[in-house]
Amino acid sequence: HGPPIVPVKFILEDPEGLTSTEQSEWDLMGGEGENLLELAIEHGINIEHACGGVCACSTCHVYVEQGMDQVSESDDDEEDRVEEAPGLQVNSRLACQCKIEGKGPITVHVPAWNRNAVKEVPH
Ligand code: FES
């Protein structure tokens with residue numbers, strides 16, 4: 001992906017669970033073509049990604065609060081999948097399918113249940 005010049009803020013409802021720190025706001029720099037899941041993981045924000053980022057679960061569900069026009073549009077696969085996620089909103093996205101496309105800024109809200117979603121899904 002491109003050079004890390006796009007400002008992306010992550011707001012975590014459960015910083016302890018995702019990062020083992022108390023820092024709830026993370027100002028990161030992403031690169032064009034990078035997806036939000038990769039960016040978060042690269043910086044130690046462990047957003048759940050049960051399927052490994054191939055749009056086959058909905059555990060990486062996040063809300064894009066700002067800059068929805070700065071990320072790739074969701075395709076049909078993502079839309080079908082995200083509908084299964086708890087807490088669906090109009091700005092719901094799967095972080096692994098959401099690629100940075102513009103110059104930002106982008107704000108991503110990670111709900112507290114992100115960490116628990118896996119356990120609630122029956123296997
Ligand atoms: Fe499974 Fe994103 S990690 S859909």
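Just follow the structure's listing: the first ligand is 1, and inside any ligand the first atom is 1. For reference, positions follow the sequence shown, starting with 1. These numbers come from the heavy atoms of this one structure, side chains and all, not from hydrogens, waters or symmetry mates. Because the structure is predicted, anything quoted here is derived from the model rather than measured.
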Could you list which atoms of ligand 1 come closer than 4.0 Å to a heavy atom of [X]?
X     : result
Cys51 : 1 (Fe), 3 (S), 4 (S)
Cys55 : 4 (S)
Cys60 : 2 (Fe), 3 (S), 4 (S)
His49 : 3 (S)
Gly53 : 3 (S)

Of the backbone atoms (N, CA, C, O) and the side-chain heavy atoms from C-beta on, which set of Cys57 has a member under 4.0 Å from an atom of ligand 1: side chain, backbone, both, or neither?
both
Does only the side chain of Ala56 get under 4.0 Å from ligand 1, or the backbone, or both, or neither? Count heavy atoms.
backbone
[X] side chain vs [Y] backbone, donor-acceptor pair below 3.5 Å:
X      : Y      : value
Glu13  : Pro111 : no
Glu78  : Leu94  : yes
Thr107 : Gln66  : no
Glu25  : Ile11  : no

Please identify which of these residues, Asn35, Leu36, Ile41, meets the side-chain contact (heavy atoms from CB on, under 4.5 Å) condition with Glu38.
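When side-chain contact (heavy atoms from CB on, under 4.5 Å) is applied between Glu38 and each of Asn35, Leu36, Ile41, only Asn35 qualifies.
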Is the number of heavy atoms from other residues, nucleotides or ligands within 6.0 Å of NZ (Lys9) greater than 12?
yes
If the cut-off is 2.8 Å, does any N/O/S atom of Cys96 fall short of it from atom 2 (Fe) of ligand 1?
yes
